[in-house]
Undergrad: 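Once you've had a glance at the structure underneath, I'll fire off some questions.
In what follows, chains carry the letters A, B, and so on, assigned in the order in which the sequence lines appear, proteins first and then strands, with residues in each chain numbered from 1.
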Amino acid sequence: MMNILIVARKEIQEGLRNRWVLATTLLLAALALTLTFLGSAPTGTVGAGALDVVIVSLSSLTIFLVPLIALLISHDAIVGEMERGTMLLLLSYPIGRWQVIMGKFIGHLAILSFATLFGYGAAAAAMAATGVPIDTASWTAFASMILSSILLGAVFIAIGYLVSALVAERGTAGGIAIGVWLLCVLIYDMALLGVLVVDQGRTIGGGLLSALLLANPTDAYRLLNLGSESVGALSGMGGVADNAALGPAALIAALVAWALAPLAAAAMVFARREL
Amino acid sequence: MTDTVNVTGVTKSYGKVPAVIDVTCSLKEGETIALVGHNGAGKTTLIKLMLGLIRPDSGMVRVLGEDPAAGQFAARRRLGYLPENVSFNMALTGRETLSFYARLKRVPLDTVGALLERVGLAGAADRRVGTYSKGMRQRLGLAQALLGRPRVLLLDEPTTGLDPALRHSFYEIVAELRADGATVLLSSHALTELEGKADRVVIVNRGAKIADGTIEELRQIAKLPTRIRVRLAECEAGKVDDWIGRTGAWKRINGHVLEIDAEPSEKISLLRSAASTDAPVVDLDVAPPSLDELYAHFLGAEEAPQ
């Protein structure tokens with residue numbers, strides 16, 4: 001446990017030093033504030049809470065940005081250190097390989113959590129400061145949006161490690177990471193939409209649709225944040241959510257599984273790798 | 001003296017390429033050993049086997065009584081390793097980097113400053129490693145290997161990139177470690193540099209151990225001739241030819257310099273005759289076989305039967 005924390009601490013230290021933390025926090029804060037103030041215009045006519053509009057905007061932003069940031073941080077973690085030669089030295093120390101991966105995971109997740117919390121928190125704080133009335137339900141939805149964004153980040157950090165443990169060169173890891181991002185964020189949804197339109201509900205029932213949505217972590221995240229109550233009505237995801245019949249518990253469980261499975265696989269692959 | 005590292009009949013291949021073939025050797029407490037071989041001879045693979053970073057295909061490796069690849073880390077805390085081409089994260093300072101490794105080895109952090117001073121990095125301790133020169137990075141590498149008073153040090157080509165002054169201070173540190181009873185393994189592709197530094201030399205070629213012993217022992221095994229060169233006095237040619245006829249097959253280098261490669265058995269008699277009062281000799285040089293010649297001899301002996 002001690003070793004994991006030592007490695008995590010070093011990752012955070014490096015993240016602070018090479019401006020990863022600063023850059024991601026500023027990026028998320030800038031985009032969140034922009035969306036907040038541009039998005040506050042239509043609230044009067046739609047009749048939804050001001051913060052709910054922000055949640056819809058930020059969730060859509062998260063789906064594109066957080067997986068990208070997570071993959072950028074993580075795809076280099078193992079293969080990059082091997083190529084630079086730092087991994088050889090690290091593994092000659094009294095530390096297990098799984099401890100290296102866990103330490104890096106905690107460190108990278110801490111960086112991403114910090115960026116999400118303060119980046120998006122800036123938007124909520126700005127809104128509260130301008131005196132817009134916000135009810136408790138909206139605050140809860142906002143908090144769960146931040147937590148699930150961090151969970152989505154954890155999923156893609158773990159996927160990035162798996163890619164990093166499997167490939168022999170950094171360039172390959174980068175290419176695969178971009179491929180994973182495109183697939184999960186853009187192609188999968190387009191393909192799913194196309195299939196649903198062609199199928200017209202004949203063969204794909206609610207059960208299969210649920211399975212297909214859980215098979216992509218970004219869809220699980222989308223449903224979790226955009227599918228419920230007032231936010232659902234606003235985002236237009238309510239219909240899909242009702243058809244898929246997935247509760248928040250199932251969606252969170254799917255995201256946790258999506259984080260743990262690649263992480264375990266990455267640790268296994270890394271443990272067998274020859275230096 | 002007890003053995004700190006034992007390698008018994010170890011073979012390791014990468015795919016179909018054999019990297020180490022049936023190597024057996026043991027390293028003792030307080031001993032400095034030179035591991036010499038060409039690039040790609042299997043030196044780094046042997047060191048990685050001793051570190052437990054890779055597992056042997058067959059044979060056994062024991063370091064401080066443990067199997068290093070078994071996942072037991074007690075031995076690793078008393079082991080120092082300096083990789084060939086050591087590298088660090090560029091963003092952290094020297095002190096931060098060394099503190100990180102000290103934490104992993106559970107070494108008190110207040111020793112970090114003294115260690116940086118010992119390798120001559122005290123002034124640059126709070127600068128980023130990215131700004132360091134190659135020699136400074138090598139010294140930081142040495143500092144991390146010295147953390148926690150290690151009993152076994154595996155130094156892979158430690159002096160590449162060091163200038164002569166740093167090289168000197170590096171060997172001073174190695175001498176201190178030897179006096180302290182640590183086993184120090186130095187790998188190198190040049191034997192000459194290690195003359196007088198190593199108690200024992202292990203030569204590897206194409207993955208196999210081809211020689212193991214002190215430099216004196218290797219000299220005796222190799223039976224390389226000693227080169228004797230004499231400068232002749234001004235005298236009539238006949239006297240010189242007469243003297244050559246009595247003593248041996250001297251080669252004429254030029255008008256007044258002669259040379260001979262003396263076998264160990266005839267060396268003394270040749271020297272006596274050249275130093276005797278009737279010999280027309282004004283000056284005399286004796287050059288024992290250099291370590292490079294010795295090394296070339298062992299490599300040549302290995303290649304010949306193939």
Side-chain angles (χ1 to χ4, degrees), chain A residues 1-24 72-73 76-104 106-108 111 165 168 170 267-268 270-275, chain B residues 12-15 19 44-45 47-55 63 66 68-93 96-97 99-107 128-130 137 140-141 144-145 147-148 150 152-154 156:
Chain A
M1 194 59 209
M2 189 67 181
N3 283 341
I4 295 175
L5 292 179
I6 293 169
V7 175
R9 179 193 157 133
K10 176 172 170 274
E11 289 298 329
I12 295 169
Q13 210 173 16
E14 280 175 21
L16 288 170
R17 192 59 56 79
N18 60 27
R19 311 268 191 273
W20 257 113
V21 177
L22 188 69
T24 47
L72 276 177
I73 300 179
D76 196 39
I78 295 166
V79 73
E81 283 223 31
M82 280 189 161
E83 242 172 59
R84 285 190 294 271
T86 45
M87 190 62 90
L88 187 65
L89 184 59
L90 180 58
L91 291 182
S92 78
Y93 275 75
I95 181 169
R97 294 191 184 189
W98 68 274
Q99 291 175 320
V100 173
I101 289 210
M102 279 310 295
K104 280 178 172 289
I106 291 173
H108 285 155
I111 291 174
R170 291 172 71 184
M268 261 165 58
F270 184 43
R272 288 186 190 171
R273 197 165 166 161
E274 296 245 303
L275 283 168
Chain B
K12 171 75 191 172
S13 313
Y14 289 110
T44 301
T45 307
I47 290 179
K48 282 183 184 176
L49 283 163
M50 290 174 192
L51 287 166
L53 294 175
I54 49 178
R55 288 168 196 276
V63 174
E66 273 185 19
Q72 299 298 312
F73 297 135
R76 283 200 186 175
R77 253 171 234 169
R78 292 177 294 151
L79 197 123
Y81 169 50
L82 173 61
E84 188 183 359
N85 305 322
V86 66
S87 57
F88 301 99
N89 187 289
M90 298 292 171
L92 300 182
T93 68
E96 284 166 345
T97 304
S99 302
F100 166 67
Y101 290 113
R103 282 190 201 101
L104 281 179
K105 262 191 181 170
R106 311 285 190 269
V107 173
R128 288 178 181 218
V129 177
R137 258 177 272 162
L140 184 59
Q144 65 77 29
L147 279 167
V152 175
L153 272 136
L154 306 174
D156 200 354

Undergrad: Nearest 0.5 Å please: distance from the CD1 atom of A:I6 over to the CZ atom of B:F100.
TA: 7.5 Å

Undergrad: Which value, rounded to the nearest 0.5 Å, describes the distance between B:L104 atom CG and A:Q99 atom CD?
TA: 9.0 Å

Undergrad: Is a side-chain donor or acceptor of A:R17 paired with a backbone partner of B:A91 at a separation under 3.5 angstrom?
TA: yes

Undergrad: Report which part of B:L51 has an atom under 4.5 Å of a heavy atom belonging to chain A: side chain, backbone, both, or neither.
TA: side chain

Undergrad: Check each atom of B:T45 against the heavy atoms of chain A and say whether the ones under 4.5 Å are side chain, backbone, both or neither.
TA: neither

Undergrad: Hey, what do you get for OG1 (B:T93) to CD (A:Q13), rounding to the nearest 0.5 Å?
TA: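 So the gap between those two atoms works out to 7.5 Å.
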
Undergrad: At a heavy-atom separation under 4.5 Å, does B:E84 approach chain A through its side chain, its backbone, both, or neither?
TA: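 Looking at B:E84, nothing touches chain A.
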
Undergrad: So which of B:R103, B:R77, B:Q144 actually passes side-chain hydrogen bond (donor to acceptor under 3.5 Å, both in side chains) with A:Y93?
TA: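 The residue from B:R103, B:R77, B:Q144 that satisfies side-chain hydrogen bond (donor to acceptor under 3.5 Å, both in side chains) with A:Y93 turns out to be B:Q144.
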
Undergrad: Quick check: closest heavy atoms across A:L89 and B:P83, and the distance to 0.1 Å?
TA: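 Distance-wise, the nearest heavy atoms are CD1-CD, 3.8 Å.
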
Undergrad: Answer with side chain, backbone, both or neither: which region of B:Y101 has an atom nearer than 4.5 Å to a non-hydrogen atom of chain A?
TA: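 For B:Y101, backbone and side chain are both near chain A.
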
Undergrad: Does B:R76 reach the main-chain N or O of A:L91 with its side chain, forming a donor-acceptor pair under 3.5 Å?
TA: yes

Undergrad: When you look at CZ of A:R9, are more than 12 heavy atoms from neighbouring residues, nucleotides or ligands closer to it than 6.0 Å?
TA: no

Undergrad: So, taking the atom named NZ in B:K105 and the one named OG in A:S92, what distance separates them when rounded to the nearest 0.5 Å?
TA: 7.0 Å

Undergrad: Is it true that atom CZ of B:R55 has more than 12 heavy atoms of other residues, nucleotides or ligands lying nearer than 6.0 Å?
TA: no

Undergrad: Heavy-atom count around A:R19 CZ within 6.0 Å, excluding the residue itself: above 12?
TA: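 Not more than 12 within 6.0 Å, no.
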
Undergrad: For residues 83-104 of chain A, which residue pairs pass the salt bridge (charged side-chain N to carboxylate O under 4.0 Å, His left out) check, not counting sequence neighbours?
TA: A:E11-A:K104, A:D76-A:R84, A:E81-A:K104

Undergrad: Heavy-atom cut-off 4.5 Å, strictly under: side chain, backbone, both or neither for B:N89 against chain A?
TA: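 Both parts, heavy atoms under 4.5 Å.
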
Undergrad: What residue in A:N18, A:L90, A:N3, A:V7 has the most heavy-atom pairs under 4.5 Å with chain B?
TA: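 Highest number of pairs under 4.5 Å: A:N3.
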
Undergrad: What part of B:L82 lies closer than 4.5 angstrom to a heavy atom of chain A: side chain, backbone, both or neither?
TA: neither

